[in-house]
Asker: 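Before I ask anything, let me first share the structure, which is written out below as structure tokens.
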Protein chains: 2
Amino acid sequence: MHFDDKIPIYYQIKTNIYHEIIMGTLQPGEKLPSVRQLALDVTANVNTVQRALSEMIAAGIIDSKRGKGNFVTMDETKITDLKTQLITEQVARAYQQLHALNLSDEEILNSLKHYMTQRGNVE
Amino acid sequence: MHFDDKIPIYYQIKTNIYHEIIMGTLQPGEKLPSVRQLALDVTANVNTVQRALSEMIAAGIIDSKRGKGNFVTMDETKITDLKTQLITEQVARAYQQLHALNLSDEEILNSLKHYMTQRGNVE
DNA sequence: ACTAGTGTTCTATTTCTCTATTACACTATT
DNA sequence: AATAGTGTAATAGAGAAATAGAACACTAGT
């Protein structure tokens, strides 16, 4: 796993697992790899993984069952809400950043469209 | 100045000054406040400000003159290039994040447009 | 009962960021 | 010359993040 050294690893692990849940790579009710296996997967320490999981457990997205494992919540509403929340955060963040670079709404949209067409042609 | 505790302060100071240069709040050739004044302005330590400045000096955006002060480069090409670079980074980052949330290109554009219209109505 | 596989917690250590403080180097003004 | 205002650098210390390692609590299969 690739880490941005400007952001805490535990936070990036959390974001990554959230993405897998939203993408459907991890289904509702599905068991996650064990904390020790996750630590190996992302080349981090068990404690660091545990910290990421703790926050997701506190948020109600992950159900922890001692001795059994960690499971994605069965409550699909929570997952939908999470997705909405993350989208809103990302869109707001991106808009504010680009606005701070003196781009108008139209220029922001055009920059994004331009990026998409370029990306579309490559793949 | 508002700091995101997930990102190093020196890095946020750097980004903030870059934005001021691109916005034109800081003009080419213009003298920046002294490092000690900047430290007071953002409520950070002189060393932290100096670290941010060092990276901008290394990037050629700021010219440092010992005993005189720090100045925005006169080379407007460098500023234009910086703006292009920052825009590309932000657009790419935003796209990848939203793509990782399972949004199609069209959905990404719609989310952004929706955000813009909502924001437009409030202000 | 035993064992292996889970989550959980604790301590010690390292690294990085940030702060505080001091000192040094240079410029301009008086 | 003296002084004030600049950038620059070095040291020491506090705090957070991450690591390594060990131990504890619970579950399931044998």
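Below, chains carry the letters A, B, ... as their sequence lines are ordered, and counting in each starts from 1. Only heavy atoms go into these numbers, but all of them, side chains included; no hydrogens, no water, no symmetry mates.
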Asker: How does each nucleotide of nucleotides 4-16 of chain C score, in 5' to 3' order, for protein heavy atoms under 4.0 Å: base (B), sugar-phosphate only (S), or none (-)?
Answerer: -BBBBBB------
Asker: Pairs under 3.5 angstrom only: tabulate donor-acceptor contacts from the side chains of residues 4-15 of chain A to other protein residues two or more places apart or in another chain.
Answerer:
| residue | atom | partner | partner atom | Å |
| --- | --- | --- | --- | --- |
| A/Asp4 | OD1 | A/Lys6 | N | 2.8 |
| A/Tyr10 | OH | A/Arg51 | NH2 | 3.4 |
| A/Gln12 | OE1 | A/Asp4 | N | 2.8 |
| A/Gln12 | NE2 | A/Asp4 | O | 2.6 |
| A/Gln12 | NE2 | A/Ile7 | O | 2.6 |
| A/Lys14 | NZ | A/Glu55 | OE1 | 2.8 |
| A/Thr15 | OG1 | A/Tyr11 | O | 3.0 |

Asker: Considering only heavy atoms of chain B and a distance under 4.0 Å, specify the first and last nucleotide of DNA chain D in 5' to 3' order that meet this criterion.
Answerer: D/dG5 to D/dA10
Asker: Applying side-chain contact (heavy atoms from CB on, under 4.5 Å), can you list everything that pairs with A/Ala39, at least two apart in sequence or on another chain?
Answerer: A/Val46, A/Val49
Asker: Using side chain to side chain contact (heavy atoms under 4.5 Å, CB included), reason through A/Ser111 and A/Leu103 one step at a time and then give a plain yes or no.
Answerer: CA-CA 9 Å; A/Ser111 297; A/Leu103 268 62; 3.7 Å; yes
Asker: Suppose we screen for side-chain hydrogen bond (donor to acceptor under 3.5 Å, both in side chains). Which residues come up paired with B/Asp63, at least two apart in sequence or across chains?
Answerer: none
Asker: Under the rule for side-chain hydrogen bond (donor to acceptor under 3.5 Å, both in side chains), what residues qualify as partners of B/Gln85, not counting sequence neighbours?
Answerer: B/Glu89
Asker: Please identify each residue that fulfils side-chain contact (heavy atoms from CB on, under 4.5 Å) with B/Thr88, with sequence neighbours left out.
Answerer: B/Thr84
Asker: So which pairs with a foot in residues 67-96 of chain B pass ring pair (Phe, Tyr, Trp, His ring centres under 6.0 Å), sequence neighbours left out?
Answerer: A/Tyr115-B/Tyr95, B/Tyr95-B/His99
Asker: Under 4.0 Å between a side-chain N or O of B/Thr48 and OP1 or OP2 of C/dT17?
Answerer: no
Asker: Grab the CG-C1' distance between B/Leu40 and C/dT19 for me, whole Å please.
Answerer: 14 Å
Asker: Listed by chain and number, what are the side-chain contact (heavy atoms from CB on, under 4.5 Å) partners of B/Asn47, not counting sequence neighbours?
Answerer: B/Asn45
